[in-house]
Amino acid sequence: MSGDGTDSGNPYETLDGNPYGASVEIFADESVLKEDWKPEKLPEREGELEEIRNALAPATRGVNAHNLFLYGKTGQGKTVAIDHEINLLQEYADDQDDLNLSVTKTSANNQTTSYQLCAHLIKEIRGGTKKPSGIDQQSMFDLLYDEISELEDTVIIVIDEIDTIGSNDELLYELPRARKNGHIEDQWVSVIGISNNLQFRDNLSPKVKDSLYDSEIEFAPYDATQLTSILERRADRAFVEGVLEDDVIPLCSAFAAQDEGSARQAIRLLYKSGEIALNHDDELVCESHVREARDILERKRIEEGMRSLTTQDQFALLSVVSLAIDEETPARTRQVYQKYKSIVDRLDGNQLVERRVRDHLQSLGMQGFLLATTRNTGIQGGSHYRFELKTDLEATLDILAEDNRIDSVVEDLVSVATAKNLV
DNA sequence: TCTCCACAGGAAATTGGGGGTT
DNA sequence: AACCCCCAATTTCCTGTGGAGA
């Protein structure tokens with residue numbers, strides 16, 4: 001947006017007081033900081049790239065590439081790395097007469113079973129718009145084999161976020177063996193799975209591990225030093241020279257490294273810091289901007305998560321909120337459940353059994369809304385969880401109030417909380 | 001050391017809803 | 001209309017467990 005607005009003939013530049021005319025120059029090329037910007041080099045991942053290359057190499061020799069699994073948390077460069085190598089391989093294949101390569105790259109996002117993933121792959125390969133359905137699983141697999149048979153001789157299927165299928169992994173067993181089992185005659189098929197979940201591997205069934213596991217590569221989280229060099233490379237292009245104070249990049253790196261070691265997160269933080277400086281008309285990006293950016297991003301993350309809660313999750317959360325206002329947190333599961341029952345009663349919702357509410361509470365804990373600690377008070381209380389609110393009470397009430405299914409209860413809670421000076 | 005509380009949490013069965021064919 | 005497939009959420013039933021106090 002700002003990059004080519006430097007024409008001297010631009011009439012808007014002379015408009016004094018136009019709110020869109022920023023008076024300070026922060027960004028040189030903002031697009032470098034966007035989510036979809038792909039770096040052309042990954043110096044921090046040379047070793048991993050090399051391993052990927054070795055695994056793909058057999059494809060260049062006319063047989064199937066090794067099956068491959070990439071592990072690592074989000075923002076560790078897994079997707080970028082595989083894209084990079086696949087592109088190189090594709091380029092190479094284009095130059096060779098005797099290597100015909102088909103690469104299908106997709107994300108298993110939201111496909112929670114083998115059946116759905118299979119349907120999804122069929123859709124991707126066909127390029128159609130809707131997934132086949134209504135048939136049994138084996139027919140679905142057969143349909144996929146039909147599609148694959150139409151492809152080139154060497155087929156590589158890249159499946160991002162493959163962990164969403166959990167332990168429902170039959171497709172992963174079938175696919176690499178399709179040729180051996182006679183479902184496919186002319187193709188070499190290999191599968192590259194990318195997983196954000198490090199435990200995914202342990203939950204795979206033994207036969208999948210057996211048939212699919214040629215090699216795996218783990219992407220360890222970046223440390224602060226690596227994040228710093230990643231950020232520096234980006235910042236060189238993204239920012240006007242000299243606008244970043246010296247401690248900005250190290251601080252962004254440190255924050256991100258403390259958390260998940262995610263490059264994505266570090267870059268977001270840097271970007272946001274720049275935007276804040278810009279909005280304040282500050283000429284330099286400094287440490288306080290970074291801290292402000294971190295708070296904003298953190299709050300946004302929580303808000304987004306909270307808005308996407310299911311009704312039952314909201315009930316459970318509301319129960320804990322209510323207990324917090326009564327100043328009875330941390331509360332054990334039974335207390336929360338009592339509160340839950342009364343709330344559901346008032347709202348005329350579906351009342352679930354305690355076992356299930358426990359699961360909801362756990363999941364709220366995992367998402368960072370609740371703090372769940374285990375405790376054991378022996379013969380007096382046995383071992384149990386204690387839940388308390390981890391997020392800001394006022395913000396939580398604000399967000400919950402947006403939902404008109406539950407706002408009557410929220411309003412009451414707000415008035416109680418106000419009376420007690422809690423918000 | 002042994003007990004026993006009050007849960008935690010695994011596993012299997014059930015429910016209900018979406019999509020389909022015949 | 002009658003029936004089939006798949007699946008997430010839930011219920012039902014159950015065994016497992018860490019430590020305070022006898």
Worksheet item: Does the ring centre of A/Phe239 sit less than 6.0 Å away from the ring centre of A/Tyr271?
Response: no
Discussion item. Check this one for me: any side-chain N or O of A/Gln137 less than 4.0 Å away from OP1 or OP2 of C/dC6?
Written reply: no
Worksheet entry | Sugar-phosphate, base or nothing in reach of A/Gln351, heavy atoms under 4.0 Å | sugar-phosphate
Worksheet entry | Beyond-backbone contact of A/Ile159 with A/Val191, side-chain heavy atoms, under 4.5 angstrom | yes
Item to complete: Using heavy atoms and a sub-4.0 Å distance, could you list which residues of residues 331-338 of chain A are near DNA chain B? By number, please.
Response: A/Arg332, A/Thr333, A/Arg334
Worksheet item: For the side chain of A/Asn376 and the base of C/dG18, is some donor closer than 3.5 Å to an acceptor across the two?
Response: yes
Discussion item. For a 4.5 angstrom cut-off between non-hydrogen side-chain atoms, does A/Ile343 reach A/Ser322?
Written reply: yes
Worksheet item: Atom CZ of A/Arg375 and atom P of C/dA20: how far apart are they, to the nearest Å?
Response: 10 Å
Worksheet item: Would you call the rings of A/Tyr71 and A/Phe200 parallel, tilted or perpendicular if under 30° counts as parallel and over 60° as perpendicular?
Response: tilted
Discussion item. Under 6.0 Å from the ring centre and within 45 degrees of the ring axis: does the NZ or CZ of A/Arg45 meet both conditions for the six-membered ring of A/Tyr222?
Written reply: yes
Worksheet item: Where the side chain of A/Thr113 is concerned, which of C/dG18, C/dT11, C/dA8 is the nearest nucleotide?
Response: C/dA8
Worksheet item: Is a donor on one side and an acceptor on the other found under 3.5 Å between the side chain of A/Asp169 and the backbone of A/Leu172?
Response: no
Worksheet entry | Selection from C/dG18, C/dT10, C/dC7 that lies nearest to any side-chain heavy atom of A/Gln312 | C/dT10
Discussion item. Whole angstroms only, please: what is the CZ-P distance between A/Arg355 and C/dA9?
Written reply: 15 Å
Worksheet item: In this structure, which one of A/Lys78, A/Lys105, A/Arg53 forms a salt bridge (Lys or Arg N to Asp or Glu O under 4.0 Å) with A/Glu85?
Response: A/Arg53
Fill in: Contact interval (first through last nucleotide) of DNA chain B with protein chain A, 4.0 Å heavy-atom
B/dC5 to B/dG20
Fill in: Closest listed nucleotide, where the reference is the side chain of A/Arg356 and the choices are C/dC7, C/dT17, C/dA9
C/dA9
Worksheet item: Once you round it to whole Å, what is the distance between P of C/dT10 and CG of A/Asp313?
Response: 9 Å
Worksheet entry | Short side-chain N/O contact to C/dT10 OP1/OP2 from A/His360, under 4.0 Å | yes
Response to the item:
Quick note, A/Ile379 side chain, CB onward, closest among C/dT10, C/dA8, C/dG21 is C/dG21
